[in-house]
Amino acid sequence: MSTFRRAFLFNGIGTKPEKLIQAMTPLMLQKYLDYRHDEFKRLHLSEELSENCPMDRLAAEWLSSLISDRVVYEYYIEKGIFPDIGMGHSSGIVSISACFGAISHEFAHEIIMMNRSTMRSLRDSGENQDMGTIIGMGIDEVNELIEEKHFSPDDVMVGSANSRICTMISGKRDSVIQLLDAAQEAGAIKVIPFNIGLAYHHPMIAKHSDEYVSFCESGEYKAPEYPVMSIFDGRIMTDGNDLRKENCINILNPIRWDLAVKKLEDLGVTEFYDVSANGAVGKFSRINKRKGRIYTFDEV
């Protein structure tokens with residue numbers, strides 16, 4: 001019998017803070033506000049997001065996502081729902097590292113703030129990068145479209161294959177917009193430009209991310225309380241140095257979330273718990289209905 005039955009799934013960046021808190025109970029909302037107040041004060045951020053400079057505002061939004069994850073995670077634990085294993089998508093790797101006890105929440109938040117160094121490097125270079133999501137197309141369809149439109153990997157590529165109906169792209173801003181438009185014309189259900197000025201999960205981000213990666217590497221990592229599966233090579237990570245490596249390579253490499261979810265299914269996982277407050281993971285992931293089910297916060 002498999003030792004892995006229940007997996008916790010952590011979302012990456014992208015959801016606005018206002019949407020994260022709508023479904024929370026009053027007690028959860030108060031906890032979220034308390035955590036946010038303490039961390040924003042420590043990190044010199046305004047809780048009124050519009051009062052922050054653009055780079056700080058973006059970091060503050062992402063930080064709010066991690067704080068929301070923590071509140072939902074603690075809610076599950078308090079309800080007696082414990083993971084056998086977990087997995088994080090993009091910045092969800094930072095979030096799961098903190099919630100599973102491999103790093104402190106404070107260090108996780110500082111990792112998110114280090115994205116500002118990458119933003120500054122890009123601003124100084126004059127490069128225009130971005131990301132986007134195509135809903136209604138899988139990786140094969142998107143790659144066919146990339147080939148048909150004669151984009152090179154240096155222009156745009158799949159940054160994350162989330163499921164057979166959801167694909168994230170990353171690259172030069174003009175190419176990202178052109179590919180999103182082409183996907184829309186080809187019958188995509190919806191296309192969403194991120195408008196964040198960063199091409200995470202594309203090799204082009206590497207030359208701007210030295211400070212970020214060095215900071216990730218510098219922290220104290222402990223063995224996580226529960227195993228974590230790598231979204232890059234499918235390793236089951238139980239050592240702090242495993243999580244250190246995962247955080248260091250995170251933003252530099254494409255993600256095959258679809259294959260990672262399938263591997264969890266193959267390992268015997270039948271219960272998948274979305275740790276995002278707004279059901280984001282459940283929206284872009286696909287679980288084989290014959291093998292299991294994904295539970296969102298509002299269903300628990």
Side-chain angles (χ1 to χ4, degrees), residues 6-33 35-36 39 49 58-79 81-100 105 108-109 111-112 115 131 133 135 159-163 165-168 190 192 194 196 200-201 224 226 228-229 231 246-247 250-251 255 257-258 260-261 264 269 271-287 292-300:
R6 179 181 294 150
F8 279 16
L9 305 179
F10 288 73
N11 184 36
I13 61 173
T15 304
K16 298 294 183 181
E18 297 81 6
K19 293 183 178 180
L20 292 170
I21 64 177
Q22 289 177 353
M24 289 184 179
T25 67
L27 287 176
M28 292 176 71
L29 176 58
Q30 189 58 55
K31 180 185 281 192
Y32 168 85
L33 294 174
Y35 284 160
R36 190 181 69 172
E39 282 303 278
L49 296 185
L58 199 53
E61 288 182 359
W62 299 346
L63 186 56
S64 298
S65 292
L66 259 70
I67 294 170
S68 173
D69 285 355
R70 179 183 181 183
V71 172
V72 175
Y73 172 79
E74 291 176 352
Y75 176 79
Y76 287 164
I77 298 300
E78 289 164 4
K79 295 275 286 186
I81 303 169
F82 298 94
D84 298 315
I85 194 169
M87 191 165 67
H89 183 281
S90 192
S91 63
I93 295 170
V94 184
S95 190
I96 195 173
S97 296
C99 288
F100 279 20
H105 287 285
H109 300 161
I111 289 176
I112 296 301
N115 283 286
M131 304 166 68
T133 293
I135 300 173
S160 177
N162 294 334
S163 71
I165 63 164
C166 181
T167 304
M168 186 193 79
K190 187 177 182 180
I192 306 168
F194 284 12
I196 61 173
Y200 288 144
H201 308 296
Y226 310 99
V228 178
M229 199 177 86
I231 53 171
E246 195 83 350
N247 277 280
N250 180 14
I251 65 173
I255 297 170
W257 182 258
D258 54 345
V261 169
L264 286 174
V269 174
E271 297 177 12
F272 297 82
Y273 281 80
D274 182 345
V275 182
S276 68
N278 69 324
V281 179
K283 292 171 185 174
F284 66 69
S285 304
R286 285 296 176 270
I287 307 300
R293 178 182 172 187
I294 187 164
Y295 297 87
T296 57
F297 163 70
D298 59 2
E299 296 174 311
V300 174

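Heads up: numbering here begins at 1 and tracks the sequence. Source: prediction; values computed, not measured.
- Using a distance-only test at 3.5 Å, with no hydrogens or angles considered, no donor-acceptor pair links the side chain of Lys31 to the main chain of Arg70.
- Partner of Met87 under the side chain to side chain contact (heavy atoms under 4.5 Å, CB included) criterion, out of Val261, Val228, Ile93: Val261 alone.
- Checked by atom type and distance alone, the side chain of Arg36 never pairs as donor or acceptor with a backbone atom of Ser64 at under 3.5 Å.
- Within the 4.5 Å cutoff, the side chain of Asn115 has no heavy atoms near those of the Leu58 side chain.
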Next item on the list: Evaluate side chain to side chain contact (heavy atoms under 4.5 Å, CB included) for Val300 paired with Tyr76, printing each intermediate quantity in order.
Entry: CA-CA 8 Å; Val300 174; Tyr76 287 164; 3.6 Å; yes

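- Under the 3.5 Å distance criterion, with hydrogens and angles disregarded, no donor-acceptor pair is assigned to the side chains of Asn11 and Ser276.
- Residues Cys99 and Phe10 form a side-chain contact, since some pair of their non-hydrogen atoms from C-beta on lies under 4.5 Å apart.
- Put simply, the side chain of Glu246 gets close to the backbone of Ile231: a donor and an acceptor are under 3.5 Å apart.
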Note to self: Let's go through Tyr75 and Ile81 carefully: what are the C-alpha distance in whole Å and the side-chain angles of both, what is the deciding distance for side chain to side chain contact (heavy atoms under 4.5 Å, CB included) to 0.1 Å, and is it a yes or a no?
What the structure shows: CA-CA 9 Å; Tyr75 176 79; Ile81 303 169; over 6 Å; no

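- Under a cut-off of 6.0 angstrom, the local environment of NZ in Lys19 is sparse, with at most 12 non-hydrogen atoms contributed by other residues, nucleotides or ligands.
- Annotation: side chain of Ile165 is in contact with side chain of Arg286 (closest heavy-atom distance under 4.5 Å).
- Proximity of Glu271 to Asp84: side-chain heavy atoms (C-beta onward) are nowhere separated by under 4.5 Å.
- With rounding to the nearest 0.5 angstrom, the CD1 atom of Ile135 is 4.0 Å from the CD1 atom of Ile192.
- No side-chain heavy atom of Tyr273 sits under 4.5 Å from any side-chain heavy atom of Pro83.
- Note on Glu299 versus Arg293: salt bridge recorded, some NZ/NE/NH1/NH2 to OD/OE distance being below 4.0 Å.
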Note to self: Applying side chain to side chain contact (heavy atoms under 4.5 Å, CB included) to His109 and Ile67, what does each step give before you reach the verdict?
What the structure shows: CA-CA 9 Å; His109 300 161; Ile67 294 170; 4.0 Å; yes

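- Counting only heavy atoms from C-beta outward, the side chains of Leu20 and Asn278 approach each other to under 4.5 Å.
- With Ser163 contributing its side chain and Phe284 its backbone, the two residues share a donor-acceptor pair below 3.5 Å.
- Inter-residue side-chain proximity for Asn247 and Val94 is flagged as met; some heavy-atom pair is nearer than 4.5 Å.
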Item checked: Tyr35/Glu74 under side chain to side chain contact (heavy atoms under 4.5 Å, CB included): CA gap, chis, key distance, verdict -> CA-CA 12 Å; Tyr35 284 160; Glu74 291 176 352; 2.9 Å; yes

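- Residues that satisfy the ring pair (Phe, Tyr, Trp, His ring centres under 6.0 Å) test with His201, not counting sequence neighbours, are absent from this structure.
- Residues that satisfy the ring pair (Phe, Tyr, Trp, His ring centres under 6.0 Å) test with Tyr200, not counting sequence neighbours, are absent from this structure.
- Between Tyr73 and Phe8, the ring planes are perpendicular. Angles over 60° get that label, and only those under 30° would be called parallel.
- In this structure, Ile77 places its CD1 atom where more than 12 heavy-atom neighbours from other residues, nucleotides or ligands lie under 6.0 Å away.
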